Amino acid sequence: GNSVTQMEGPVTLSEEAFLTINCTYTATGYPSLFWYVQYPGEGLQLLLKATKADDKGSNKGFEATYRKETTSFHLEKGSVQVSDSAVYFCAPLMNAGNMLTFGGGTRLMVKP
Amino acid sequence: DTEVTQTPKHLVMGMTNKKSLKCEQHMGHRAMYWYKQKAKKPPELMFVYSYEKLSINESVPSRFSPECPNSSLLNLHLHALQPEDSALYLCASSQDRGGWSGYTFGSGTRLTVV
(Lines give C-alpha, C1' and ligand atoms only; values in the text may rest on other atoms or scores of the structure.)
Protein backbone atom coordinates (compact mmCIF):
# COMPACT_ATOMS: atom_id res chain seq x y z
CA GLY A 1 0.00 0.00 0.00
CA ASN A 2 0.89 3.68 -0.02
CA SER A 3 2.89 5.03 2.90
CA VAL A 4 5.34 7.73 3.85
CA THR A 5 8.14 7.63 6.42
CA GLN A 6 9.79 10.65 7.98
CA MET A 7 12.69 10.80 10.36
CA GLU A 8 11.53 11.05 13.92
CA GLY A 9 12.17 14.18 15.88
CA PRO A 10 12.67 16.30 17.64
CA VAL A 11 15.55 17.71 15.67
CA THR A 12 17.41 20.32 17.70
CA LEU A 13 19.82 22.65 15.93
CA SER A 14 21.66 25.85 16.63
CA GLU A 15 20.90 28.90 14.53
CA GLU A 16 22.66 28.89 11.14
CA ALA A 17 23.13 25.10 11.19
CA PHE A 18 22.37 22.93 8.17
CA LEU A 19 19.07 21.07 8.20
CA THR A 20 18.06 17.77 6.61
CA ILE A 21 14.76 16.05 7.28
CA ASN A 22 14.46 12.71 5.51
CA CYS A 23 11.30 11.53 3.79
CA THR A 24 10.73 8.34 1.83
CA TYR A 25 7.52 6.98 0.41
CA THR A 26 6.05 3.88 -1.16
CA ALA A 27 3.43 4.29 -3.84
CA THR A 28 2.10 2.84 -7.03
CA GLY A 29 2.90 5.25 -9.82
CA TYR A 30 4.52 8.63 -9.37
CA PRO A 31 2.92 10.87 -6.80
CA SER A 32 3.27 14.61 -6.47
CA LEU A 33 5.29 15.44 -3.38
CA PHE A 34 4.71 18.19 -0.82
CA TRP A 35 6.22 19.52 2.36
CA TYR A 36 3.90 21.28 4.80
CA VAL A 37 4.92 23.24 7.88
CA GLN A 38 2.90 23.75 11.06
CA TYR A 39 3.94 26.55 13.37
CA PRO A 40 2.84 26.35 17.02
CA GLY A 41 -0.90 26.85 17.43
CA GLU A 42 -1.56 27.11 13.72
CA GLY A 43 -2.82 25.07 10.79
CA LEU A 44 -0.61 23.65 8.06
CA GLN A 45 1.02 25.78 5.39
CA LEU A 46 2.30 24.53 2.07
CA LEU A 47 6.08 24.97 2.11
CA LEU A 48 7.10 23.54 -1.26
CA LYS A 49 6.20 20.93 -3.83
CA ALA A 50 7.51 18.88 -6.77
CA THR A 51 5.34 17.14 -9.31
CA LYS A 52 7.75 14.97 -11.31
CA ALA A 53 11.08 13.22 -11.05
CA ASP A 54 14.15 15.45 -10.60
CA ASP A 55 12.00 18.51 -9.93
CA LYS A 56 13.30 20.70 -7.12
CA GLY A 57 10.82 22.55 -4.96
CA SER A 58 12.06 25.59 -3.05
CA ASN A 59 10.68 28.28 -0.76
CA LYS A 60 11.99 30.44 2.10
CA GLY A 61 15.47 28.91 1.75
CA PHE A 62 14.14 25.35 1.99
CA GLU A 63 14.67 22.89 -0.86
CA ALA A 64 13.65 19.34 -1.70
CA THR A 65 14.36 17.26 -4.82
CA TYR A 66 12.05 14.54 -6.15
CA ARG A 67 14.22 11.42 -6.32
CA LYS A 68 12.36 8.71 -8.16
CA GLU A 69 15.16 6.15 -7.92
CA THR A 70 15.21 6.32 -4.12
CA THR A 71 11.54 7.33 -3.68
CA SER A 72 12.66 10.18 -1.46
CA PHE A 73 11.94 13.88 -0.99
CA HIS A 74 14.34 15.07 1.70
CA LEU A 75 13.94 18.61 3.00
CA GLU A 76 17.07 20.77 3.36
CA LYS A 77 17.98 24.27 4.43
CA GLY A 78 21.47 25.66 4.50
CA SER A 79 21.11 27.95 7.51
CA VAL A 80 18.17 27.61 9.89
CA GLN A 81 16.72 30.41 11.98
CA VAL A 82 14.89 30.37 15.28
CA SER A 83 11.73 31.27 13.36
CA ASP A 84 11.97 27.95 11.49
CA SER A 85 11.03 26.10 14.66
CA ALA A 86 7.91 24.15 13.71
CA VAL A 87 6.66 20.70 12.75
CA TYR A 88 7.36 19.63 9.17
CA PHE A 89 5.18 17.10 7.35
CA CYS A 90 6.12 15.25 4.18
CA ALA A 91 2.99 14.52 2.14
CA PRO A 92 2.85 12.58 -1.09
CA LEU A 93 -0.29 13.05 -3.14
CA MET A 94 -0.91 9.50 -4.18
CA ASN A 95 -2.43 8.89 -7.58
CA ALA A 96 -4.93 6.37 -6.28
CA GLY A 97 -7.73 8.33 -4.68
CA ASN A 98 -5.80 11.60 -5.04
CA MET A 99 -5.51 12.12 -1.30
CA LEU A 100 -2.65 13.65 0.63
CA THR A 101 -0.94 11.10 2.85
CA PHE A 102 0.90 12.75 5.72
CA GLY A 103 4.08 11.47 7.27
CA GLY A 104 4.33 11.41 11.03
CA GLY A 105 5.84 14.89 11.19
CA THR A 106 9.25 16.04 12.39
CA ARG A 107 9.53 18.69 15.07
CA LEU A 108 12.39 21.13 14.51
CA MET A 109 13.69 23.23 17.37
CA VAL A 110 16.24 25.91 16.55
CA LYS A 111 18.13 27.48 19.44
CA PRO A 112 19.74 30.92 19.31
CA ASP B 1 -8.57 36.29 -0.66
CA THR B 2 -6.18 33.35 -0.28
CA GLU B 3 -7.31 32.06 3.06
CA VAL B 4 -9.42 29.37 4.61
CA THR B 5 -11.24 30.78 7.62
CA GLN B 6 -12.39 28.53 10.45
CA THR B 7 -14.64 29.46 13.33
CA PRO B 8 -14.61 29.22 16.23
CA LYS B 9 -10.90 29.01 17.04
CA HIS B 10 -11.60 27.30 20.35
CA LEU B 11 -14.62 25.32 21.51
CA VAL B 12 -15.40 23.57 24.77
CA MET B 13 -18.50 21.39 24.75
CA GLY B 14 -20.15 18.83 26.95
CA MET B 15 -20.91 15.32 25.82
CA THR B 16 -24.62 16.12 25.44
CA ASN B 17 -24.14 19.35 23.50
CA LYS B 18 -24.71 20.02 19.82
CA LYS B 19 -22.30 22.41 18.14
CA SER B 20 -21.02 23.20 14.66
CA LEU B 21 -17.64 24.05 13.22
CA LYS B 22 -17.56 26.35 10.22
CA CYS B 23 -15.12 26.72 7.36
CA GLU B 24 -15.17 29.29 4.56
CA GLN B 25 -13.04 29.98 1.50
CA HIS B 26 -13.43 32.42 -1.38
CA MET B 27 -10.70 31.15 -3.66
CA GLY B 28 -13.09 29.33 -5.98
CA HIS B 29 -11.78 25.97 -4.82
CA ARG B 30 -14.15 23.10 -5.56
CA ALA B 31 -12.80 20.53 -3.11
CA MET B 32 -12.95 20.91 0.66
CA TYR B 33 -11.73 18.64 3.41
CA TRP B 34 -12.08 18.01 7.14
CA TYR B 35 -9.09 16.65 9.03
CA LYS B 36 -8.69 15.70 12.68
CA GLN B 37 -5.31 16.20 14.37
CA LYS B 38 -4.46 14.83 17.79
CA ALA B 39 -1.52 16.24 19.71
CA LYS B 40 1.86 15.37 18.21
CA LYS B 41 0.23 13.40 15.40
CA PRO B 42 -0.27 14.11 11.69
CA PRO B 43 -3.68 15.19 10.42
CA GLU B 44 -6.11 12.35 9.68
CA LEU B 45 -8.60 12.71 6.85
CA MET B 46 -12.27 12.64 7.87
CA PHE B 47 -14.34 13.85 4.91
CA VAL B 48 -13.86 15.11 1.37
CA TYR B 49 -16.34 17.22 -0.55
CA SER B 50 -15.92 17.66 -4.28
CA TYR B 51 -18.22 20.07 -6.10
CA GLU B 52 -20.36 20.23 -2.97
CA LYS B 53 -20.94 16.49 -2.90
CA LEU B 54 -19.51 14.16 -0.28
CA SER B 55 -17.00 11.98 -2.06
CA ILE B 56 -15.06 10.41 0.81
CA ASN B 57 -16.08 9.50 4.33
CA GLU B 58 -13.23 7.81 6.12
CA SER B 59 -15.45 5.68 8.35
CA VAL B 60 -16.03 8.55 10.73
CA PRO B 61 -18.58 7.96 13.54
CA SER B 62 -22.03 9.38 12.92
CA ARG B 63 -21.66 11.82 15.79
CA PHE B 64 -19.72 13.87 13.22
CA SER B 65 -21.96 15.11 10.40
CA PRO B 66 -20.51 17.20 7.56
CA GLU B 67 -22.49 19.61 5.44
CA CYS B 68 -21.56 21.66 2.39
CA PRO B 69 -24.26 24.32 1.85
CA ASN B 70 -22.46 25.89 -1.11
CA SER B 71 -19.10 25.95 -2.83
CA SER B 72 -17.60 28.36 -0.27
CA LEU B 73 -18.81 26.85 2.98
CA LEU B 74 -18.20 23.63 4.83
CA ASN B 75 -19.66 22.78 8.20
CA LEU B 76 -19.04 19.99 10.66
CA HIS B 77 -21.95 19.31 13.01
CA LEU B 78 -21.07 17.71 16.32
CA HIS B 79 -23.40 15.79 18.60
CA ALA B 80 -22.86 13.51 21.57
CA LEU B 81 -19.10 13.62 21.33
CA GLN B 82 -16.72 11.75 23.58
CA PRO B 83 -13.68 13.12 25.44
CA GLU B 84 -11.41 11.25 23.00
CA ASP B 85 -12.81 13.44 20.21
CA SER B 86 -10.91 16.37 21.68
CA ALA B 87 -8.48 17.48 18.97
CA LEU B 88 -7.61 20.19 16.48
CA TYR B 89 -10.05 20.09 13.57
CA LEU B 90 -8.60 21.41 10.35
CA CYS B 91 -10.43 22.44 7.23
CA ALA B 92 -8.63 22.57 3.88
CA SER B 93 -9.48 23.32 0.28
CA SER B 94 -7.95 22.71 -3.13
CA GLN B 95 -8.73 23.84 -6.64
CA ASP B 96 -10.18 20.47 -7.46
CA ARG B 97 -10.13 17.00 -6.00
CA GLY B 98 -6.83 16.31 -7.68
CA GLY B 99 -5.15 18.76 -5.34
CA TRP B 100 -2.05 19.00 -7.55
CA SER B 101 -1.44 22.60 -6.61
CA GLY B 102 -1.61 21.76 -2.93
CA TYR B 103 -4.14 22.23 -0.20
CA THR B 104 -4.80 25.47 1.67
CA PHE B 105 -5.45 24.85 5.36
CA GLY B 106 -7.29 26.93 7.90
CA SER B 107 -5.86 27.57 11.35
CA GLY B 108 -8.18 25.02 12.86
CA THR B 109 -10.69 24.77 15.69
CA ARG B 110 -9.30 23.41 18.92
CA LEU B 111 -12.09 21.31 20.40
CA THR B 112 -12.25 20.12 23.98
CA VAL B 113 -15.00 17.70 25.00
CA VAL B 114 -15.69 17.61 28.72
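Note that the structure is a prediction, hence the values are computed from the model and not measured. Below, read A as the first sequence line, B as the second, and so on, with proteins coming before strands; counting in each chain starts at 1.
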Asker: Heavy-atom cut-off 4.5 Å, strictly under: side chain, backbone, both or neither for A/Gln38 against chain B?
Answerer: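 It is the side chain, since no backbone atom gets that close.
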Asker: Find out if a path of hydrophobic residues (ILVMFWY) with successive side-chain heavy-atom gaps under 4.5 Å connects A/Phe102 to B/Val60.
Answerer: no
Asker: Count the heavy atoms of every other residue, nucleotide or ligand shown that sit under 6.0 Å from CD of A/Glu16, and state whether that count exceeds 12.
Answerer: no
Asker: Quick check on B/Val48 against chain A: is it the side chain, the backbone, both or neither that has a heavy atom closer than 4.5 Å?
Answerer: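 The side chain, not the backbone.
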Asker: Answer yes or no: are there more than 12 heavy-atom neighbours, outside A/Glu8 itself, under 6.0 Å from its atom CD?
Answerer: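 For A/Glu8, atom CD is not crowded (no more than 12 foreign heavy atoms under 6.0 Å).
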Asker: When rounded to the nearest 0.5 angstrom, what distance separates CG in B/Leu88 from CG in A/Leu44?
Answerer: 9.0 Å
Asker: Grouping I, L, V, M, F, W and Y whenever their side-chain heavy atoms are under 4.5 Å apart, do B/Leu78 and B/Val12 come out in a common cluster?
Answerer: no
Asker: Are any non-hydrogen side-chain atoms of A/Tyr36 and B/Pro43 less than 4.5 angstrom apart?
Answerer: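 Contact flag for A/Tyr36/B/Pro43 side chains = no.
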Asker: Membership question, hydrophobic clusters at under 4.5 Å side-chain separation (ILVMFWY): are B/Met46 and B/Val4 in the same one?
Answerer: no
Asker: If you count heavy-atom pairs under 4.5 Å between each of B/Gly102, B/Ser94, B/Ala92, B/Gly108 and chain A, which one has the most?
Answerer: B/Gly102
Asker: Taking atom NZ of B/Lys38 as the centre, report whether more than 12 heavy atoms of other residues, nucleotides or ligands fall under 6.0 Å from it.
Answerer: yes
Asker: Which region of B/Gln37, side chain (C-beta onward) or backbone (N, CA, C, O), has a non-hydrogen atom less than 4.5 Å from a non-hydrogen atom of chain A, or is it both or neither?
Answerer: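 The side chain, not the backbone.
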Asker: Taking every heavy-atom pair that is under 4.5 Å apart, which of A/Gly43, A/Gly41, A/Ala91, A/Gly9 has the most such pairs with chain B?
Answerer: A/Gly43
Asker: Calculate, to the nearest 0.5 Å, the distance between atoms OH and CG belonging to B/Tyr35 and A/Leu100 respectively.
Answerer: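 So the gap between those two atoms works out to 5.0 Å.
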Asker: With sequence neighbours left out, write down each residue that passes side chain to side chain contact (heavy atoms under 4.5 Å, CB included) with B/Glu52, or none if nothing qualifies.
Answerer: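 B/Glu52 satisfies side chain to side chain contact (heavy atoms under 4.5 Å, CB included) with B/Arg30, B/Cys68, B/Ser71 once adjacent residues are dropped.
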Asker: Identify the two heavy atoms, one from A/Leu46 and one from B/Tyr103, that lie closest to each other, and give their separation to 0.1 Å.
Answerer: CB-O, 4.4 Å
Asker: Report, by ascending residue number, the residues of residues 104-112 of chain A in heavy-atom contact with chain B at a distance under 4.5 Å; give 'none' if the set is empty.
Answerer: A/Gly104, A/Arg107
Asker: Would you kindly confirm whether A/Tyr25 and A/Leu47 end up in one hydrophobic cluster when ILVMFWY residues are joined by side chain heavy atoms under 4.5 Å apart?
Answerer: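 The answer is yes; both residues are in one hydrophobic cluster.
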Asker: In this structure, would B/Met32 and B/Leu76 fall into the same cluster of hydrophobic residues linked by side-chain contacts under 4.5 Å?
Answerer: yes
Asker: May I ask you to check whether over 12 heavy atoms, not counting those of B/Glu67, lie within 6.0 Å of atom CD?
Answerer: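 Yes, enclosed.
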